[in-house]
Amino acid sequence: MDTLTEVVLPGKVEPEGLELRERPLPAPGPRQVVIAMEATGVSFAEQQMRRGKYYDQPPFPFVPGYDLVGTVLATGAGVGRELAGRRVAALTKTGSWASHVLLDAEDVVEVPDGLGAAEAETAVVNGITAWQMLHRKARVRAGQTILVHGANGGVGSLLVQLAAQAGVRVIGTASARHHETLRRLGVLPIDYRTEDVPARVRELAPEGVDAVFDHVGGASVVASWRLLARGGTLVAYGSAATRDDEGSKQLPVLKILARVLLWNSLPNGRAAYFFNVWAGRSFAKNRFRARLRTDLTQVFAALKDGTITAQVAARLPLNRVAEAMRLAESGTVAGKVVLTP
């Protein structure tokens, strides 16, 4: 095989405007690997990118794809031969919507035997995000109570399971169609469309919650802050509420960051963060890679032993990427829409 197929985002387009392109398959350079993609996913980041709304996306045109799972097809000089033929995962931000991807060998993490590619894919960016927000930012402890917005989503569905594993009581917002699934996971569900979320949370946790995980942004972040108990932590990690808004792609994030700075200056014992999975990579790459490998290994172990369950909403091939994007954006699915070669 001497060519690869990739999906190109040419500009601000509807899903049908995504383009398929073939180009020569690159050879790996020193300390690089070529990965034959087995599964990649449609995350919220790509939904923002096609609108030009992701805060640090590259200029158009580019190949989207935030993460992938695949098999190492070829290795460059300086890479151990034992890696060839191994199934690995990688966090890429862009470039994974392709049949083959060229990466630095140090950026891949081996996937344990026995995990399917699609199942492992659901736990790469979503699992890392959930794990690090829960354990590195909020530092949850058994017996605490947390609120998870979008508890049925790709990140949310893993977050609630990891929290349950840690002995944490979980309140989760989702539309009514997902409530039975959430109850089976031990979550106390709230319908954000029909219920007064702050009032209902106060009923369930009169003293406030110990942590809130908010991907919505906008006014939701303010409401989330007000629901914290003393000593509680707010972790904001997105701006879904502004996905379809026109204007600056940086402004929604800058507003959240400004609020985080303000709230952390207040003497009330509470803390706020804006979580960025890429934080630290630009100035401490080796430390970033070590932390990523450690945390993703923990997530894969939980997935393999059944502590958490993969939520694969649908599997579609790359040439049906427009359909996959529409499905992911519909708000009707639980878990992650996965793309295959």
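What you see is a predicted model; the values in this text were computed from it and never measured.
Within a 6.0 Å radius of CZ in Arg136, more than 12 heavy atoms belonging to other residues, nucleotides or ligands are found. The number of heavy-atom neighbours closer than 6.0 Å to CZ of Arg287, taken from other residues, nucleotides and ligands shown, is 12 or below.
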CA sep, side-chain torsions, deciding dist, call: Leu102, Gln32, side chain to side chain contact (heavy atoms under 4.5 Å, CB included): CA-CA 7 Å; Leu102 178 68; Gln32 290 185 322; 3.7 Å; yes

Arg326 vs Glu16, side chain to side chain contact (heavy atoms under 4.5 Å, CB included): CA-CA, chis, key distance, verdict: CA-CA 9 Å; Arg326 291 253 180 231; Glu16 290 73 20; 2.9 Å; yes

Side chain to side chain contact (heavy atoms under 4.5 Å, CB included) between Thr3 and Leu25, intermediate numbers included: CA-CA 4 Å; Thr3 62; Leu25 184 68; 5.7 Å; no

Side chain to side chain contact (heavy atoms under 4.5 Å, CB included) assessment of Leu103 paired with Leu68: CA-CA 11 Å; Leu103 292 174; Leu68 84 158; 4.1 Å; yes

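With rounding to the nearest 0.5 angstrom, the NZ atom of Lys93 is 5.5 Å from the OH atom of Tyr54. Expressed to the nearest 0.5 Å, how far NZ of Lys336 lies from CG of Leu158 amounts to 9.5 Å. Distance CG/Leu115 to CG/Leu303: 5.0 Å, rounded to 0.5 Å. Atom OG1 of Thr129 is separated from atom OH of Tyr237 by 8.0 Å, given to the nearest 0.5 angstrom. Interatomic distance, CD of Gln250 versus NZ of Lys255, reported as 13.0 Å (0.5 Å rounding). Rounding to the nearest 0.5 Å places OG1 of Thr233 at 11.0 Å from CD1 of Ile146.
Considering only heavy atoms from C-beta on, Lys137 comes within 4.5 Å of Phe275 through its side chain. A heavy-atom distance below 4.5 Å is not found between the side chains of Gln57 and Pro64. No side-chain heavy atom of Glu323 sits less than 4.5 Å from a side-chain heavy atom of Leu327. A 4.5 Å side-chain heavy-atom check between Arg50 and Pro15 finds at least one atom pair inside the cut-off. Contact of the Val13 side chain with the Glu19 side chain is not registered, since no non-hydrogen atoms from C-beta on lie closer than 4.5 Å. Contact check for Leu227 versus Pro198: side-chain heavy atoms found under the 4.5 Å cut-off. For the pair Val299 and Ile308, the minimum side-chain heavy-atom distance is below 4.5 Å.
Using a distance-only test at 3.5 Å, with no hydrogens or angles considered, no donor-acceptor pair links the side chain of Asn152 to the main chain of His178. In this structure a side-chain-to-backbone donor-acceptor pair under 3.5 Å is present from Thr173 to Gly150. With Thr340 contributing its side chain and Ala39 its backbone, the two residues share no donor-acceptor pair below 3.5 Å. In this structure, Trp97 contributes its side chain and Tyr66 its backbone to no donor-acceptor pair below 3.5 Å. The backbone N or O of Ser43 lies less than 3.5 Å from a partner atom in the side chain of Glu46, making a donor-acceptor pair. For the pair Arg200 (side chain) and Tyr192 (backbone), a donor-acceptor distance under 3.5 Å is absent. Panel note: side chain Gln132, backbone Val277; no donor-acceptor pair is recorded below 3.5 Å. Distance alone, capped at 3.5 Å, places no donor-acceptor pair between the Asp295 side chain and the Ile128 backbone.
Shown are Val69, Leu73, Thr71, Val108; of these, the side-chain contact (heavy atoms from CB on, under 4.5 Å) with Ile35 is made only by Val108.
Here Val338 sits in one hydrophobic cluster together with Val312; the rule is ILVMFWY side chains under 4.5 Å apart, joined directly or through other members.
For Arg270 and Trp225, the positive end sits near the middle of the six-membered ring, less than 6.0 Å away and at most 45° from its axis.
A donor and an acceptor atom, one from each side chain of Thr307 and Gln161, are nowhere located under 3.5 Å apart.
If you chain together hydrophobic residues whose side chains sit under 4.5 Å apart, Trp263 and Tyr273 never meet in one group. Cluster membership for Val201 and Val216, using ILVMFWY side-chain heavy atoms within less than 4.5 angstrom, is not shared. Tracing side-chain contacts under 4.5 Å through hydrophobic residues (I, L, V, M, F, W, Y), one reaches Leu266 starting from Leu228; they form part of the same cluster. Taking hydrophobic clusters as Ile, Leu, Val, Met, Phe, Trp and Tyr residues chained together by side-chain heavy-atom distances below 4.5 Å, Leu91 does not share a cluster with Val34. Grouping the Ile, Leu, Val, Met, Phe, Trp and Tyr side chains by contacts below 4.5 angstrom, directly or via other members, places Val125 with Val63.
Salt bridge status for Arg86 with Asp113: present, with a side-chain N to carboxylate O gap under 4.0 Å. Salt bridge status for Asp107 with Arg281: present, with a side-chain N to carboxylate O gap under 4.0 Å. Using a cutoff of 4.0 Å between basic side-chain nitrogens and carboxylate oxygens, Glu207 and Arg230 are not scored as salt-bridged. Salt-bridge formation is detected for the pair Arg183/Glu180: a Lys NZ or Arg NE/NH1/NH2 atom is positioned less than 4.0 Å from an Asp or Glu carboxylate oxygen. Under 4.0 Å is where a charged nitrogen must lie from a carboxylate oxygen, and between Glu119 and Arg315 at least one such pair does. By the 4.0 Å N-to-carboxylate-O rule, Asp104 lies too far from Lys285 to be salt-bridged with it.
Considering every non-hydrogen atom in both Ala89 and Val111, the closest pair reads N-CG2, 3.8 Å. Taking both residues in full, the closest heavy atoms of Ala324 and Leu339 are given as CB-CD2, 3.7 Å, listed atom of the first, atom of the second, then distance. Residue Leu318 comes nearest to Thr5 through the heavy atom pair CD1-O, 4.1 Å, listed as atom of the first residue, atom of the second, then distance. Ala105 and Val33 make their closest contact through CB-CG1, 4.0 Å (heavy atoms, listed as atom of the first residue, atom of the second, distance). Between Gly238 and Ile256 the shortest heavy-atom distance is O-CD1, 3.5 Å. Heavy atoms only, all atoms of each residue included: Ser224 and Asp214 are closest at OG-OD2, 2.7 Å.
With sequence neighbours left out, Phe274 forms a ring pair (Phe, Tyr, Trp, His ring centres under 6.0 Å) with no residue at all.
The ring-ring contact (aromatic ring centres under 6.0 Å, His included) analysis of residues 112-149, with sequence neighbours excluded, yields the pairs Trp131-His135.
Classification of the Phe288-Trp278 ring pair by plane angle, with boundaries at 30° and 60°, yields parallel.
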